[in-house]
Amino acid sequence: SAYAAKICDDYTVTVAGTAYDDWFLPSKYELNEMYENLKLDDLGGLSGTTYLSSSEYYFHSAWNQDFSSGNPNFNVRSNQYRVRPARAF
């Protein structure tokens, strides 16, 4: 199976002939910024689902963010969540 960080690292977007390939899996704080500054204003095409972060909660779990409620949470890494690649803020 694919790992969240690798999916984000491998992500590439080409706009007007320029390839943007410097994506990463955002931290729980960066995901919260996306929620507050994009999702709440209906920007960025973010769905009301849970997105995984790169922030570790415990050795076998990671933080995630619910984009329907805005609540952060944590769960075991084996659970499947969406990822939202990010570039430098």
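The basis for the numbers below is simple: all heavy atoms, side chains too, and nothing from hydrogens, waters or symmetry mates. This one's a predicted model, so the numbers in the text were calculated from it and none came from an experiment.
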> When rounded to the nearest 0.5 angstrom, what distance separates OH in Tyr29 from CH2 in Trp63?
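Separation between the atoms: 8.0 Å.
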> Which atom names give the shortest non-hydrogen contact between Leu25 and Cys8, and what distance separates them?
N-CB, 3.6 Å
> Would you check if Glu56 and Ser61 make a side-chain contact, meaning some heavy-atom pair closer than 4.5 Å?
no
> Checking Asn71 against Gln65: is there a side-chain donor and acceptor pair closer than 3.5 Å?
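No donor-acceptor contact under 3.5 Å links the two side chains.
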> Is there a path of hydrophobic side-chain contacts, each under 4.5 Å between heavy atoms, that joins Met34 and Leu40?
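Linked within one cluster.
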> With a 6.0 Å cut-off (strictly less than), is the heavy-atom count around CD of Glu36, excluding the residue itself, greater than 12?
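Counting neighbours around CD of Glu36, more than 12 heavy atoms of other residues, nucleotides or ligands fall under 6.0 Å, so yes.
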> Donor-acceptor pair, Ser55 side chain versus Lys28 backbone, under 3.5 Å?
yes
> Please tell me whether Trp23 and Val15 are part of a single hydrophobic cluster in this structure, the criterion being side-chain heavy atoms less than 4.5 Å apart.
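Yes, Trp23 connects to Val15 through the hydrophobic network.
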> Would you say Val83 and Leu46 are hydrophobically clustered, going by side-chain heavy atoms of ILVMFWY under 4.5 Å?
no
> Answer yes or no: does atom CG of Asp41 have more than 12 heavy-atom neighbours from other residues, nucleotides or ligands under 6.0 Å?
yes
> Indicate, with yes or no, if the rings of Phe67 and Tyr51 have centres closer together than 6.0 Å.
yes
> Please report the interatomic distance CG(Leu43) to CG(Leu38), rounded to the nearest 0.5 Å.
6.0 Å
> Determine whether Ser27 and Ser53 make a side-chain contact, defined as any pair of heavy atoms from C-beta on separated by less than 4.5 Å.
no
> How far does OG1 of Thr12 sit from CG of Asp9, to the nearest 0.5 angstrom?
9.0 Å
> Please report the interatomic distance CG(Leu52) to CG(Leu31), rounded to the nearest 0.5 Å.
8.0 Å
> Taking all non-hydrogen atoms of both residues into account, name the closest pair between Arg77 and Ala62 and its distance.
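Nearest pair, atom of Arg77 first, then Ala62: NH1-CB, 4.0 Å.
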> Linking I/L/V/M/F/W/Y whenever their side-chain heavy atoms sit closer than 4.5 Å, directly or via other members, would Val76 and Phe74 fall into one cluster?
no
> Is there a path of hydrophobic side-chain contacts, each under 4.5 Å between heavy atoms of I/L/V/M/F/W/Y residues, joining Tyr20 to Tyr11?
yes
> Output, in order, the C-alpha distance, side-chain angles, deciding distance and verdict of side-chain contact (heavy atoms from CB on, under 4.5 Å) for Phe24 and Glu30.
CA-CA 11 Å; Phe24 60 90; Glu30 291 163 329; 3.4 Å; yes
> Using the rule side-chain contact (heavy atoms from CB on, under 4.5 Å), only one of Asp66, Asn75, Thr49 pairs with Tyr81; which is it?
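Among Asp66, Asn75, Thr49, the one that satisfies the side-chain contact (heavy atoms from CB on, under 4.5 Å) with Tyr81 is Asn75.
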